[in-house]
Amino acid sequence: MGSQNESLLGGEFSSVYNQRIPKKKKSWIMFVFESLNFLLVGGLLFYVYSETNASPVGKKYSHGPSKKNIIFMVTDGMGPASLSLARSFKQQRDNLSIDDILELDHHLIGSSRTRSSDSLITDSAAGATAFACGLKSYNGAIGVNPDKIPCGTILEALKLQGYFTGLVVTTRITDATPASFSAHVDSRSQEDLIAEQQLGDSPLNRVVDLIIGGGRCHFLPPSIEGGCRADERNLVEEAQAQGWSYVESRTDFDYLQNGDNVTLPLLGLVAEKDIPYDIDRNASQYPSLAEQAKVALTALSKASEDSDQGFFLMIEGSRIDHAGHDNDPAAQVREVLAFDDAFKQVLEFIDETDTETIVISTSDHETGGLATAKQVDPAYPQYLWYPEVLLNSTHSGEYLTKKILDYANKDDVQQFSDFISKEILEKDMGILDYTEEELSLVKNADKSNLSYALNNLISIRSQTGWSTHGHSAVDVNIYAYTNSKEIRKQLLQGTANHGLLGNHENTEIGSFLERLTGVDLRNVTELIKDIRHAPSASELAERSFEEGSLEKRHHLRDL
Ligand SMILES: *[C@@H]1O[C@H](CO)[C@@H](O)[C@H](O)[C@H]1NC(C)=O
Ligand SMILES: *[C@@H]1O[C@H](CO)[C@@H](O)[C@H](O)[C@H]1NC(C)=O
Ligand SMILES: *[C@@H]1O[C@H](CO)[C@@H](O)[C@H](O)[C@H]1NC(C)=O
Ligand SMILES: *[C@@H]1O[C@H](CO)[C@@H](O)[C@H](O)[C@H]1NC(C)=O
Ligand SMILES: *[C@@H]1O[C@H](CO)[C@@H](O)[C@H](O)[C@H]1NC(C)=O
Ligand SMILES: *[C@@H]1O[C@H](CO)[C@@H](O)[C@H](O)[C@H]1NC(C)=O
Ligand SMILES: [Zn+2]
């Protein structure tokens with residue numbers, strides 16, 4: 001048999017992969033392909049061009065061509081399917097037409113390949129280090145290269161150039177994404193050290209001017225309520241003594257007056273650990289991501305008003321990832337929509353400012369292997385999924401798990417059963433058609449699998465599919481917007497010309513920012529080479545959490 005037959009019969013993957021197309025056929029196929037490509041790219045170019053032309057073209061930049069604001073947004077764990085899910089959910093919820101799409105959808109320019117140096121599936125630490133340092137590193141690496149040598153970050157480089165800098169997140173500020181821009185440690189679990197570096201314990205001294213997020217825990221000693229440091233240092237008091245202003249409650253946050261009443265540096269730690277999922281968030285206790293972003297944008301632009309340089313701001317929708325780990329579709333759609341609101345806030349800022357400003361928004365990776373389809377029956381499936389099921393649920397699996405674990409009357413079998421059926425399933429989740437079997441599954445679940453059991457009820461009914469509780473290797477989207485013709489020109493080039501149009505390695509996003517701002521990260525690498533980044537003996541000990549414990553599951557969930 002000839003080789004053609006072998007490959008038709010399955011053959012080797014590589015032979016099929018490398019198979020040459022006969023010449024005549026190739027040119028025809030290539031013609032169609034190239035025409036499609038031309039139309040697509042041309043359409044995109046035209047689209048982005050006309051979109052951005054809608055705003056301040058020809059506007060005079062009052063601070064000369066070099067002054068720029070750079071806004072970098074991260075949707076942690078958001079893959080393309082999250083967009084489809086959230087978009088259909090919103091259309092259903094608000095009775096919108098099919099062309100009423102998300103704000104992000106209007107600004108798609110490309111996609112990013114996300115692998116790390118040591119795995120085809122990255123974690124958030126290596127993912128953010130790729131953006132911050134423009135290089136691939138290993139899973140767990142925070143601002144260090146594969147040899148554990150600290151690498152200069154775009155935030156540090158811009159601070160050295162005189163930019164004001166800020167970090168806005170919904171998880172702990174010491175978590176992987178914000179840490180990778182503002183700290184250098186061998187392992188993401190060194191959060192105590194990350195907190196110290198974020199406040200200025202670095203050869204560069206302080207590089208962050210504004211912090212708003214969760215994560216008081218690693219700034220406070222264990223002797224103080226909500227503190228979880230391994231030592232007795234109170235970094236909040238130390239920071240205040242060094243001139244940081246500090247906010248930790250909603251009331252404090254409201255004093256910031258949307259950013260008009262901010263004294264930099266600002267340390268805003270508005271939650272002990274994570275800020276609650278948007279679906280659970282009590283607005284009189286916690287700000288939204290859009291509110292946080294608004295404060296940061298106003299404060300940083302006011303601070304840089306009379307400066308030759310603008311600001312660098314990183315904003316992360318951190319917990320899209322957590323909802324993916326939890327396989328919680330009801331929580332995830334609200335996280336994506338909350339991020340979309342923040343993105344909108346950023347666009348409004350860009351349209352109003354006189355300073356050349358760019359926003360780039362992308363994900364470090366996808367989480368959950370989400371699909372907007374799930375086969376729930378052995379028979380050939382119907383082509384359907386049901387966003388309205390997500391609408392009925394009013395809390396995350398995380399929140400309801402805590403509510404169930406906190407329920408006091410578990411010993412009264414009948415009362416507990418009623419509590420699960422009436423209160424949790426019917427009232428909180430809007431599920432009326434649960435079976436006896438499902439009810440008993442929830443009643444018998446323990447800490448380790450209760451949230452999975454609850455979320456699964458929703459995934460099955462909405463026909464939302466998940467393939468993992470971890471991350472996946474699927475490419476993620478890149479979105480961008482700018483008010484500057486010059487920046488737009490650079491942005492809308494392909495890889496060969498160092499732009500971000502089309503498909504890219506995640507490191508190219510970091511390199512793009514480096515080139516755009518004219519900094520050289522290697523110079524910063526030289527300046528920070530002596531920063532302490534290895535874990536201490538006690539940090540190593542602290543990290544050896546026990547196999548199978550809840551602590552471990554929660555720890556893993558965050559990765
Ligand atoms: C939804 O929108 C359509 C078209 O705008 C309108 O006809 C319909 O009454 C709306 N339905 C509800 C429930 O508001
Ligand atoms: C501005 O912030 C300070 C605290 O830093 C607060 O005392 C003051 O009331 C705030 N002003 C307004 C108008 O909220
Ligand atoms: C939200 O928080 C406020 C202030 O702490 C509280 O009074 C209120 O009961 C909370 N609302 C809900 C629904 O928990
Ligand atoms: C959602 O809740 C409504 C009212 O409680 C109920 O009628 C409906 O069946 C629920 N939908 C789903 C998909 O469970
Ligand atoms: C959850 O864990 C418990 C205890 O290990 C086990 O009995 C139960 O079958 C598990 N439930 C699910 C839904 O996995
Ligand atoms: C980096 O450092 C080199 C050597 O000190 C210097 O010549 C160069 O101007 C620096 N580049 C930038 C962009 O700061
Ligand atoms: Zn994750």
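Predicted, not measured: the structure shown is a model, and the values here were computed from it. As the structure lists them, so they are numbered: ligands from 1, and atoms in each ligand from 1.
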With distance as the sole criterion, is a donor-acceptor pair present between the side chains of [X] and [Y] under 3.5 Å?
{"X": "Thr495", "Y": "His504", "result": "yes"}
{"X": "Ser396", "Y": "Asp280", "result": "yes"}
{"X": "Asp326", "Y": "Ser451", "result": "no"}

>> Go through it in stages, so that I can follow the logic: the residues are Leu454 and Ile404, the test is side chain to side chain contact (heavy atoms under 4.5 Å, CB included), and I'd like the CA-CA distance, side-chain angles, deciding distance and then a yes or no.
In response: CA-CA 11 Å; Leu454 293 168; Ile404 294 171; 4.1 Å; yes
Can you tell me if an N/O/S atom from [X] lies under 2.8 Å from the Zn ion (ligand 7)?
{"X": "His322", "result": "no"}
{"X": "Asp76", "result": "no"}
{"X": "His325", "result": "yes"}

>> Can you tell me which N/O/S atom of His471 has the shortest distance to the Zn ion (ligand 7)?
In response: NE2
>> Applying side-chain contact (heavy atoms from CB on, under 4.5 Å), can you list everything that pairs with Lys344, at least two apart in sequence or on another chain?
In response: Glu103, Glu348
>> Among residues at least two apart in sequence or on other chains, which ones pass salt bridge (Lys or Arg N to Asp or Glu O under 4.0 Å) with Arg115?
In response: none
>> Which residues pass the salt bridge (Lys or Arg N to Asp or Glu O under 4.0 Å) test with Lys136, not counting sequence neighbours?
In response: Glu505
> Does an N or O from Asn444, backbone or side chain, lie closer than 3.5 Å to an N or O of ligand 5?
Replying inline: no
> Listing by chain and number, which residues have a heavy atom under 4.0 Å from ligand 4?
Replying inline: Val389, Asn392, Gly430, Leu432
>> Using 30° and 60° as the class boundaries, would you call the ring planes of His471 and His365 parallel, tilted or perpendicular?
In response: parallel
